[in-house]
Amino acid sequence: MQPLRGRRLLLGITGGIAAYKAAELARLLVKDGAEVQVVMTRAAEAFIGTMTLQAITGRPVREALFDAQHEAAMGHIELARWAELVIVAPATADFLAHAAAGMAHDLLSTLCLATTAPLVVAPAMNQAMWRHAATQANVALLQSRGVSLLGPDEGAQACGDVGPGRMLEPVEIQRAVRARFADGRLSGRKVLLTAGPTREALDPVRFLGNRSSGKMGFALATALVAEGASVTLVAGPVSLPTPAGVERIDVESALQMREAVFTSVPGTAIFIACAAVADFRPAAAAEQKIKKTSETLALELIRNPDILSEVAALPQRPFCVGFAAETDDVEAYAQAKLRAKRLDMIAANRVGASRGFEVDDNALLVIWEGGQQSLPTQPKSRLAAQLVNLIVDRFDAQTAAENT
Ligand code: CTP
């Protein structure tokens, strides 16, 4: 199987220690049948040899903007037109800054500016550099222009730090590239999902929250990308890396989650509400830290808007999938929620006694009008793939019925 057969990929490599992994990425893409043209920055050459990449891809590596010999064979504008997809891995903070500023100071940055092909970047840098406001602003600007972000991952770094900034593994980048070209069942469809808990501020340092880990929602996002969907994930505060190929919007509170969902919902084919949204928030968050001046403390809570119900009530509504976490009478409560929220499908699970939240395994009872299916206990990644299959089956059936 060569899922990238004949695809013309331009692989940009910039100067970070993760550059050595780019050789493995090039190998995987070539093995998938792609034509891979490597373009390296000067700094990248300090980390990996051009001969290695030339041997793997079977094409001379391009480095200089004004190289008479290479320009005669294929000029840089021609190269920019040749590419169907530009992947920059690793992408340093410096590269992201130049790309965000639209600079064309070397061959790679010039190609990024001159191409109309989509650009995906896999950042790799020290965690403090990744967290820096300048880098975050550059990334946000690039994303707002349609650049896709792959990672970065969290973990131990070459410099000894621990945190976000590791380049995604080559196989994960390969998976994301495959998904872009795959004719999955959701190719060309936009899917929006919420995941994780919300935090409702009590004062500047305290909040009301819950135990949701976000794992199920993140597993669903991965499974949706594998089906070719273009996925937007609105995530509450969780410590999970962004699945490859997913556009992620981080939020804290239910109100922020609602705003992010309503900004993203136009054009959405399927909405999956997987987040454990707090049903209530403090009526007013104290501006200063609450002091323990009395023996009791009464909190006034007010209802949060039900994001899922509001989306399901839109005149141009997407196919809506909800979740229900129940401790008892799972089926009856889930049926009631399916009807009350006017959903197309609901996935219910039993929670409590180490089931459902904060664990890697889960089981679901999936219900829709006129049918239901039990998905047995298994790792959330496999469960997610099965649930996505059921969702697409129902979605396809509904779309077909609407078109007849
Ligand atoms: N949901 C939402 N916005 C909220 C609350 C819930 O979008 N403010 C979504 C969740 O993402 C989930 C489903 O609605 O898909 C859960 O429904 P809900 O009735 O809130 O479940 P519970 O909180 O378990 O309800 P109850 O306490 O009534 O059992």
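Because the structure is predicted, anything quoted here is derived from the model rather than measured. Every number for a ligand or one of its atoms is a count from 1 in the order of the listing.
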Check: Of the protein's non-hydrogen atoms, which lies at the shortest distance from atom 10 (C) of ligand 1, and what is that distance?
Finding: A275 O, 3.3 Å
Next item on the list: Give the numbers and elements of all ligand 1 atoms closer than 4.0 Å to a heavy atom of A325.
Entry: 24 (O)
Margin query: Among all the protein's non-hydrogen atoms, which is closest to atom 22 (P) of ligand 1, and how far away is it?
Written below: K337 NZ, 3.4 Å
Check: Quick one: does ligand 1 sit under 4.0 Å from the side chain of S309, the backbone, both or neither, non-hydrogen atoms only?
Finding: neither
Next item on the list: Check each of Y333, F271, F323, F280 against atom 12 (C) of ligand 1 and report the one with the nearest heavy atom.
Entry: F323
Next item on the list: Could you tell me whether the side chains of Q378 and Q386 share a donor-acceptor contact shorter than 3.5 Å?
Entry: yes
Margin query: Nearest 0.5 Å, please: how far is CD in Q54 from CZ in R59?
Written below: 11.5 Å
Check: Salt-bridged, D161 to R166, with N to O below 4.0 Å?
Finding: no
Checklist line | Heavy-atom nearest neighbour in the protein, as seen from atom 6 (C) of ligand 1, with distance rounded to 0.1 Å | finding: K341 NZ, 3.8 Å
Check: With a 4.0 Å cut-off, would you call E24 and K21 a salt bridge?
Finding: no
Next item on the list: Could you find the nearest protein heavy atom to atom 27 (O) of ligand 1 and give me its residue, atom name and distance?
Entry: D279 OD2, 4.0 Å
Note to self: Check R394 with D344, please: is the shortest side-chain N to carboxylate O separation under 4.0 Å?
What the structure shows: no
Next item on the list: Would you tell me which option among L308, V351, I346, L343 has the nearest heavy-atom contact to atom 9 (C) of ligand 1?
Entry: L308
Notebook entry, point to check: Is V311 close to F262 at the side-chain level, that is, under 4.5 Å between some pair of heavy atoms?
Noted result: yes
Check: To which protein heavy atom is atom 3 (N) of ligand 1 closest, and what is the distance rounded to 0.1 Å?
Finding: I307 N, 3.0 Å
Check: Which atoms from ligand 1 have a heavy atom of G322 less than 4.0 Å away?
Finding: 15 (O)
Next item on the list: Pick whichever of A254, P305, A336 has a heavy atom sitting closest to atom 8 (N) of ligand 1.
Entry: P305
Margin query: Testing the basics here: between A23 and I56, what is the closest heavy-atom pair and its distance to 0.1 Å?
Written below: O-CD1, 3.5 Å
Check: Any luck finding a side-chain donor-acceptor pair between S109 and D106 under 3.5 Å?
Finding: yes
Note to self: If you measure every N or O of V321 against every N or O of ligand 1, does any of those distances drop under 3.5 Å?
What the structure shows: no
Next item on the list: Please identify which atoms of ligand 1 are closer than 4.0 Å to at least one heavy atom of V277.
Entry: 2 (C), 3 (N), 4 (C), 5 (C), 8 (N)
